[in-house]
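Scroll down for the structure; my scribbles are underneath it.
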Amino acid sequence: MMKIFDAEQLAKLDQLTLHSQHISSWELMERAAKNALHASLPFLKSKQQNIHVFCGVGNNGGDGLAIAFHLIKHGYNVKVYKVEFSKSASSDFQQNEKRLAEAEILLHTITIANFNEVIIAENDILIDAIFGVGLNRRMPDFVEALVAQFNKSKAFCISIDLPSGLFLNEAIPHGASFVKADVCLTFQLPKLPLLLPENGKYIQQFQIIPIGLAQEAIKNEETQHYFVDADFAKVLYKPRAKFSHKGTYGHALLVGGQVGMLGSILLASKAAIKSGVGKLSVMLPNSGKTNLHTYLPEAMAINHTENNYISFTELTIYDSVGIGVGIGKSAAVVAALAKFLVEANRPILLDADALNIISEHKNLLKSIPKDSILTPHPGELKRLIGGWQNDFEKLTKIKSFVQKYNLIVVAKEAYTCICSAKAFYFNSTGNPGMAKAGSGDVLSGIITSLLAQNYTALNAAILGVFLHGLAGDFALKNESEASLTASDIVDSLGTAFSILTDR
Ligand SMILES: NC(=O)C1=CN([C@@H]2O[C@H](COP(=O)(O)OP(=O)(O)OC[C@H]3O[C@@H](n4cnc5c(N)ncnc54)[C@H](OP(=O)(O)O)[C@@H]3O)[C@@H](O)[C@H]2O)[C@@H](O)CC1
Ligand SMILES: [K+]
């Protein structure tokens, strides 16, 4: 399980690691730098390419100096800069500075007086080691100007630990800049700003570089932020028992679809069946029943009186209920949903138009059963909780919302965030090919299916989001981001589940 920590916690882990492994901080820095160097090599085209390594005067800069030293030792063409934002350098920076001097490697000092003399060409490589997790106030103007030059250049940029200018636990000040890195090599654990859309969209990718921090210390340190990787998902997954039958895996009900929107409920239904539920009933407009039976013979259609939209049914016989995909917002549907919410006696899943109806009738919020899962995309989320100034404020607002109404919110994004009253779980799987109509319907089907199989609501949400993204990643192996469809995601669910059973 990957935990996400703040700067103070990272510094503490650093100290505990030094203590438990009997190593010096310089040795840990050397380990980190060598691992980052190794991860950088695939991005370097040749030993002749110009590599500019920009180092601050703290430990992030110390990493930069060590990386530069080893690159030079490996025969790369490197120019090393000391970005002197302060006269007092950290002791490990100084030790690395001494090593460079002893090796007669020139260190170019950059200050407010000469920062605009730096020349970066299109095919060069930039290594950004100016600030890491220690940034605690806006960068000095001359550093911001230097960063602006990086961002304007077409050179490939590798940031060490964190793109300089980003704060670990708060938004960047209005108008401030940060390094828009092509890749960020971050040490041991993911960093929160890399997972949030307003920064993350400018950072093409990040890689987690293990540096051997003490596992026991990571385990003991508490956090409210997690990164959901395969190891995390495997722990949540409940293997099927040999002596079991369809009753063991629950009876789910999906409610959705209106004329013209039948595809949504069909996709959700197939995803539910492919995610292991014992039995699936579907309430869709009567006019869609034939389509359902043709598309998915495993599902049962519920009889009701309305031809063109959903109405009401007895809920207590189902182990889980998922409502909303393609239902529209007609008065009849609003009335049916209001009745559903009052009748439901266990956590349900609400998506799409169910969320829009609730946003327009906020009085319904208090009727939603405790621990129900809401799966909004950014637009739906804004309608539910109101707007936000930045992503950190968004997280705070989601948290007060889930605490006030006892709910679980799945905020869909590149790194979808599952928020419970106690913690945030950021998903690691998925790709831009999944940002398409139908993809959310598939997610609703998966989570409703897991809910019926007796997963807790939180675990159903975390595992469902992980599997959905993983299936999308497998589907991409035979598709492109442009061609990937929601049906492809459903078709790859089998491969995604097989990863969880592969212990
Ligand atoms: N986690 C780990 O285990 C390992 C971590 N390692 C590396 O250490 C990095 C963290 O190093 P770091 O703590 O020295 O902080 P860093 O980001 O270099 O900043 C330097 C100093 O600048 C200052 N400062 C802040 N804002 C400022 C501003 N606007 N303008 C001017 N000054 C400002 C502030 O000091 P202050 O002035 O507040 O006293 C701050 O301390 C980490 O990202 C990783 O690369 C690895 O080596 C090995 C293992
Ligand atoms: K950096």
Side-chain angles (χ1 to χ4, degrees), residues 3-21 23-37 40 52-68 81-96 111-112 126-144 146-147 150 157-170 172-173 176-191 193-194 199 203 206 208-215 217-218 221:
K3 292 180 173 177
I4 302 168
F5 293 125
D6 63 27
E8 209 174 297
Q9 291 175 304
L10 289 172
K12 183 173 159 196
L13 284 183
D14 203 349
Q15 289 310 309
L16 290 169
T17 302
L18 305 184
H19 185 73
S20 67
Q21 297 177 8
I23 54 168
S24 68
S25 57
W26 191 83
E27 284 168 303
L28 181 60
M29 182 179 279
E30 188 68 357
R31 191 194 281 172
K34 281 186 174 164
N35 292 356
L37 168 88
S40 304
H52 306 265
V53 185
F54 290 91
C55 309
V57 294
N59 286 342
N60 193 250
D63 293 333
L65 293 184
I67 291 168
Y81 307 81
K82 172 184 184 178
V83 182
E84 204 175 45
F85 54 74
S86 161
K87 284 286 174 202
S88 56
S90 75
S91 65
D92 290 328
F93 178 95
Q94 291 178 37
Q95 196 170 334
N96 273 304
T111 64
I112 191 159
L126 288 173
I127 296 188
D128 152 41
I130 305 176
F131 285 108
V133 301
L135 187 76
N136 52 30
R137 53 197 184 276
R138 187 171 173 163
M139 295 190 292
D141 288 349
F142 85 94
V143 182
E144 288 218 341
L146 188 65
V147 164
F150 294 177
C157 180
I158 303 171
S159 282
I160 304 303
D161 207 20
L162 192 66
S164 299
L166 287 181
F167 292 84
L168 210 47
N169 286 91
E170 58 186 284
I172 59 168
S177 55
F178 64 92
V179 174
K180 293 174 179 162
D182 292 282
V183 58
C184 174
L185 304 176
T186 199
F187 294 133
Q188 190 87 32
L189 300 164
K191 311 294 181 291
L194 299 173
N199 311 315
I203 295 150
F206 71 86
I208 294 168
I209 310 299
I211 60 168
L213 291 182
Q215 285 304 329
I218 296 176
E221 187 65 30

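Sequential numbering from 1 along the given sequence is applied to the chain's residues. In each ligand, atom 1 is the first atom listed, and ligand 1 is the first ligand listed.
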Looking at [X] and [Y], would you say the former's side chain and the latter's main chain have a donor-acceptor pair under 3.5 Å?
X: Thr17; Y: Ala214; result: yes
X: Lys180; Y: Phe178; result: no
X: Asn60; Y: Ile160; result: yes
X: Glu84; Y: Thr111; result: no
X: Glu221; Y: Lys12; result: no
X: Lys3; Y: Ile218; result: yes
X: Asp128; Y: Ser164; result: yes
X: Ser24; Y: Glu27; result: yes

Hey, can you tell me if Phe150 and Phe54 have their rings parallel, tilted or perpendicular (30° and 60° cut-offs)?
->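 Ring orientation of Phe150 relative to Phe54: tilted.
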Output the list of atoms in ligand 1 that are nearer than 4.0 Å to some heavy atom of [X], sorted by atom number.
X: Gly132; answer: 16 (P), 17 (O), 43 (O)
X: Val133; answer: 10 (C), 17 (O), 42 (C), 43 (O)
X: Met139; answer: 29 (N)
X: Ile211; answer: 49 (C)
X: Met29; answer: 47 (O)

Name the closest protein heavy atom to [atom], giving the residue it belongs to and the distance to 0.1 Å.
atom: atom 20 (C) of ligand 1; answer: Gly58 CA, 3.6 Å
atom: atom 41 (O) of ligand 1; answer: Gly134 O, 4.3 Å
atom: atom 22 (O) of ligand 1; answer: Phe85 CE1, 3.5 Å
atom: atom 28 (C) of ligand 1; answer: Arg137 CG, 3.6 Å
atom: atom 47 (O) of ligand 1; answer: Asp63 OD1, 2.6 Å
atom: atom 11 (O) of ligand 1; answer: Asn59 CB, 3.2 Å
atom: atom 4 (C) of ligand 1; answer: Asp14 OD2, 3.9 Å
atom: atom 27 (C) of ligand 1; answer: Phe131 CE2, 3.6 Å

From CA spacing to verdict: side chain to side chain contact (heavy atoms under 4.5 Å, CB included), Phe187, Asp63 | CA-CA 11 Å; Phe187 294 133; Asp63 293 333; 3.3 Å; yes
Using a 4.0 Å heavy-atom cut-off, say whether Arg138 meets ligand 1 through its side chain, its backbone, both or neither.
->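 Just the backbone.
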Is Asn60 touching ligand 1 with its side chain, its backbone, both, or neither, if touching means heavy atoms under 4.0 Å apart?
->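 The answer is both, backbone and side chain.
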When you draw lines from the K ion (ligand 2) to O of Leu162 and to O of Asp128, what angle lies between them, to the nearest 10°?
-> 130°
Report the angle formed at the K ion (ligand 2) by atom OD1 of Asn60 and atom O of Phe131, rounding to the nearest 10°.
->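 With the K ion (ligand 2) as the vertex, OD1 (Asn60) and O (Phe131) sit 70° apart.
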Only one of Asp92, Asn59, Asp14 clears side-chain hydrogen bond (donor to acceptor under 3.5 Å, both in side chains) with Ser25; which?
->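 It is Asp92; the other options fail the test.
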Selected option - heavy-atom contact closest to atom 26 (N) of ligand 1, from Asp92, Leu213, Asn136, Leu28 |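 Nearest heavy atom to atom 26 (N) of ligand 1 lies in Asn136.
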Report yes or no: does Ile160 have an N/O/S atom closer than 3.4 Å to the K ion (ligand 2)?
-> yes
Judged by non-hydrogen atoms, does Pro140 sit under 4.0 Å from ligand 1?
-> yes
Evaluate whether atom CG of Asn136 has more than 12 neighbouring non-hydrogen atoms of other residues, nucleotides or ligands under 6.0 angstrom away.
->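 Above 12, so yes.
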